[in-house]
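For reference, the structure is listed below as C-alpha cells.
Both counts, for ligands and for their atoms, begin at 1 and track the order of listing.
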Amino acid sequence: MPNKKKRRIERPTIHPRNRYSENPPDFAALASLYPSFQPFVSCSRDGRRSSIDWTDFNATRELTRVLLHHDHGINWWIPDGQLCPTITNRSNYIHWINDLLSLELFVRSGGGPAEKVRGFDIGTGANCIYPLLGASLYGWSFVGSDVSDVALEWVKWNVDSNSHLVELIEIRKAGDGLPNSGGDVESPPSDWDKNGYHGPPVLVGVVGEDERFEFCMCNPPFFESMEEAGLNPRTACGGTTEEMVCPGGERAFVVRIIEDSVVLKESFRWFTSMIGRKANLKALISKLREAKVTVLKTTEFVQGQTARWGLAWSFMPPNRKAVASLVPEKNNCSFMLEGLPRQCGAIQVLKAVELFFLANCSSCKLDLASFIVSITVSQEHVTAILRDDQFNFDESAISQHNSEAPNNSCSEENMCFRVSVFEQIPGTLLVRGSLSNKNSPISGSFSAVFQHLEEALKKEFTENAIKGAELELMVPAVCPEGQ
Ligand SMILES: C[S@@+](CC[C@H](N)C(=O)[O-])C[C@H]1O[C@@H](n2cnc3c(N)ncnc32)[C@H](O)[C@@H]1O
C-alpha cells in the first residue's frame with residue numbers, strides 16, 4: 001500500500017500554465033519592491049524563506065494587490081471585509097476554461113476557432129477577479145453580473161482603474177432587467193422555486209436573447225447561512241453575508257444555473273461553475289444528466305489543503321470527427337491496476353468492466369471461465385462513454401439498463417473488442433483490450449474508450465478509498481468561500 005506522503009504528492013496540483021506552478025510568489029522580493037507590503041512579511045532566521053500571516057485579512061489583501069500589480073499590471077482594491085481572492089486559485093479556473101475552449105469539441109457554424117472570446121462571470125463580486133484575470137491573461141471580454149450594491153460600486157472602481165481593460169469588461173446588475181429592455185425583469189417559471197433558490201435572476205433575465213458567449217463561469221455563494229460558513233482559523237479571506245450566503249446554498253444556486261442553461265442552451269458554448277463540496281458535485285452531475293447535456297466535464301482544483309471542483313457542460317452537438325480523432329488508432333491497449341485490496345480480484349474487475357459498458361447500453365458478454373468480456377459498441381455508445389466523466393459503479397442504476405441493453409451484433413459500423421484481466425502478482429492486475437474489427441469506421445475511438453475504462457476502474461479500485469478519506473479530513477480546514 002502506498003504511504004500517505006506519497007498519496008499527497010500524487011494529488012493534482014496547480015494548473016501547469018499557472019505562472020506560480022513552478023515559481024511560487026517570492027514574498028521578500030515583493031516586499032522590497034512594494035514598501036506597503038513590507039510590514040506583512042516575515043523571514044526565517046536563515047533569511048531563505050519568507051511568509052505572511054494568512055489569518056490577517058490586511059496581509060492577504062495586500063498580497064493580492066501586489067501580485068495583481070506586479071504580475072498582471074492590474075490596479076486593484078477592495079474595502080475591509082469583502083471577499084479577498086487568492087490569485088493562484090482563481091487563475092486555475094481561468095486556465096481550465098481556456099483548456100475547454102481549446103478542445104474544439106463542437107461543430108462551429110463559422111468554421112475555425114472563435115477569434116474573440118466573450119465570457120460571462122456570474123457574481124463577479126467587489127473584487128471582479130475573473131474578468132480582470134481573463135482579460136489580462138487571454139484578452140477575453142466579459143460581462144460580469146452581481147446583485148450587491150457594494151460589489152457593483154467597487155467592481156466599477158476596479159474596472160475604471162485599469163484603462164487598458166475598461167473596453168473589455170461590462171458590468172450588469174442582476175435583477176435590473178436586460179440591457180436596453182427598459183428594466184423589466186423576466187419572471188422565472190413558477191416550478192423553479194422548488195429548487196430552493198429564491199433570489200434575483202441568475203442568467204435568464206440577465207442575458208439578452210441575441211447575446212452569445214463562449215462560456216459562463218461562477219464562484220457561487222457556497223453557504224445557506226453565515227453560521228454554516230463558519231470561520232476558518234487558518235486563513236482570512238473575508239467575505240460578507242451577501243457574498244457567501246444564498247437561499248439553498250451553492251447546490252440551489254448551481255441548480256438555478258442548470259435550469260437557466262436549459263433555457264439559454266444556444267447562448268453559451270460552455271456553462272461552468274466552481275463547486276465547493278464533493279457531495280454537491282455528484283448531485284449536480286445527476287441533474288445535468290437529466291437535462292440531457294451533450295458534454296459534461298469536471299476537474300479538481302487543489303491548492304494546499306483546499307480542494308474545489310470545476311463543473312462544465314454544454315448542449316452543443318459534439319463534433320464527431322474531433323471525438324473520433326482524439327487518439328491514434330491502436331488495436332491493443334493495456335494498463336495495470338496496482339495496490340488492490342485482497343477482496344478485489346480479477347472477477348470483481350471483470351464484473352466492473354461489464355457494468356461500465358452495460359451502463360451505456362453497449363452489448364456485453366462476460367465469460368468468467370476465460371476471464372474475458374466481449375463488447376460491441378455503436379457510435380452512440382462511444383459518444384455516451386466519452387462524455388461521461390464521472391462514471392459511477394452503481395449496480396442498481398445499471399441493472400435497470402441491463403435488461404434494456406440491445407444485442408448489437410458485430411456489424412461493420414459497430415466496434416467490437418475484448419477485455420481480458422490477468423493477475424500478475426497479488427494486488428496487481430493487468431487489463432488488456434484487443435480490437436476485433438479494426439476496419440470499423442469508429443475504430444479510431446478504441447483507445448479513447450479504453451482510456452475512459454482505465455480512468456473509471458482506477459478511480460473505483462485504487463483512488464476512491466484514498467481520496468474519500470483525505471477529503472473528509474480536508475473539509476474543515478478549507479477557507480469558507482473557496483480560496
Ligand atoms: C462567492 S462570491 C464570488 C465573488 C468573486 N467572483 C470571487 O470569486 O471572489 C459570490 C457573488 O455572487 C453574488 N451573487 C449572489 N446572487 C447573485 C445573482 N443572482 N446574480 C449575480 N450575482 C449574485 C454575490 O453578491 C457575490 O458577490
Side-chain angles (χ1 to χ4, degrees), residues 57 60-61 64 68 76-79 81-94 96-97 119-135 142-156 158-159 169-178 185-188 192 195-207 216-224 226 228-229 235 237-257 259-260 272-277 301 303 306 308 310 478-483:
F57 174 82
T60 56
R61 175 173 57 181
T64 296
L68 281 173
W76 177 90
W77 192 246
I78 48 166
Q82 293 285 313
L83 191 54
C84 178
T86 51
I87 303 306
T88 328
N89 163 297
R90 299 303 201 279
S91 308
N92 281 339
Y93 190 0
I94 292 283
W96 181 56
I97 291 206
F120 192 103
D121 180 25
I122 303 166
T124 200
N127 61 50
C128 190
I129 193 66
Y130 291 127
L132 290 173
L133 281 179
F142 273 88
V143 171
S145 70
D146 213 288
V147 287
S148 137
D149 289 334
V150 178
L152 290 160
E153 182 189 327
W154 277 90
V155 80
K156 183 170 173 358
N158 277 314
V159 175
I169 303 173
E170 175 196 333
I171 299 300
R172 272 181 212 171
K173 179 164 185 172
D176 262 7
L178 295 169
V185 177
E186 193 174 308
S187 29
W192 285 3
N195 298 319
Y197 175 80
H198 304 282
V202 174
L203 284 176
V204 172
V206 187
V207 171
C216 68
M217 65 192 304
C218 181
N219 179 12
F222 282 159
F223 304 103
E224 287 191 66
M226 256 339 231
E228 191 199 341
T235 52
C237 320
T240 60
T241 308
E242 268 177 319
E243 289 172 311
M244 318 273 284
V245 173
C246 84
E250 75 168 355
R251 188 189 292 206
F253 198 86
V254 181
V255 164
R256 171 60 74 94
I257 300 179
E259 302 264 4
D260 283 7
T272 76
S273 182
M274 173 109 85
I275 308 294
R277 291 194 180 160
F301 303 117
Q303 194 199 333
T306 305
R308 293 284 179 253
V478 301
C479 183
E481 59 72 37
Q483 295 290 303

Handout entry: Under 3.5 Å: N/O of Asn219 near N/O of ligand 1
Key = yes
Problem - Interatomic distance, Asn92 atom CG to Ile97 atom CD1 [nearest 0.5 angstrom] - result: 12.0 Å
Practice task
Mind checking ring pair (Phe, Tyr, Trp, His ring centres under 6.0 Å) for Trp96 and listing every partner two or more places apart, or none if nothing turns up?
Solution key: Phe301
Fill in the blank from the handout: A student comparing Thr124, Asn89, Leu152, Asp146 should find that the heavy atom closest to atom 13 (C) of ligand 1 comes from Asp146
Problem - Region of Ala151 that comes within reach of ligand 1 [heavy atoms, distance under 4.0 Å] - result: neither
Exercise for the section: Determine whether any heavy atom of Cys246 lies closer than 4.0 Å to an atom of ligand 1. Expected result: no
Problem - Options Pro220, Gly125, Gly123, ranked by nearest heavy atom to atom 6 (N) of ligand 1, top entry - result: Gly123
Handout entry: Short N or O distance, Asp121 and ligand 1, threshold 3.5 Å exclusive
Key = no
Handout entry: Rounded distance (nearest 0.5 Å) linking atom SG of Cys218 with atom CE of Met274
Key = 9.0 Å
Show every donor-acceptor pair shorter than 3.5 Å between a side-chain atom in residues 120-132 and any protein atom, with sequence neighbours excluded, or say none if there are none.
unit_1, atom_1, unit_2, atom_2, d
Asp121, OD2, Thr124, OG1, 2.7
Asn127, OD1, Ile129, N, 2.9
Asn127, ND2, Leu83, O, 3.1

Exercise for the section: Rounded to the nearest 0.5 Å, what's the gap from CG on Leu152 to CZ on Arg172? Could you check? Expected result: 12.5 Å
Completion exercise
If we number the atoms of ligand 1 from 1 as shown, the ones under 4.0 Å from a heavy atom of Val202 are 19 (N)
Exercise for the section: Check each atom of ligand 1 against the heavy atoms of Asn127 and keep those under 4.0 Å away; list them by number with element. Expected result: 5 (C), 7 (C), 9 (O)
Exercise for the section: Would you tell me which option among Leu203, Val147, Ile78, Ile257 has the nearest heavy-atom contact to atom 17 (C) of ligand 1? Expected result: Val147
Handout entry: Arg277 side, atom CZ; Glu250 side, atom CD - distance, nearest 0.5 Å
Key = 7.0 Å
Handout entry: Derivation of the side chain to side chain contact (heavy atoms under 4.5 Å, CB included) call for Ser273 and Ile275
Key = CA-CA 6 Å; Ser273 182; Ile275 308 294; 4.2 Å; yes
Exercise for the section: Quick one: pull up CG in Asn89 and CD1 in Ile94 and give me the separation to the nearest 0.5 Å. Expected result: 11.0 Å
Practice task
Heavy-atom distances under 4.0 Å are what count here, so tell me which part of Leu83 touches ligand 1: side chain, backbone, both or neither.
Solution key: side chain
Exercise for the section: Please verify whether a non-hydrogen atom of Arg90 lies at under 4.0 Å from ligand 1. Expected result: yes
Practice task
Consider ligand 1: state whether an atom of it lies below 4.0 angstrom from any non-hydrogen atom of Trp154.
Solution key: no
Problem - Mode of Pro201 contact toward ligand 1 - side chain, backbone, both, neither (heavy atoms, under 4.0 Å) - result: backbone
Practice task
Return yes when Pro200 approaches ligand 1 closer than 4.0 angstrom through a heavy atom, no otherwise.
Solution key: yes
Exercise for the section: With the side chain counted from C-beta on, respond yes when Pro220 and Tyr197 share a heavy-atom pair under 4.5 Å apart, and no when they do not. Expected result: no
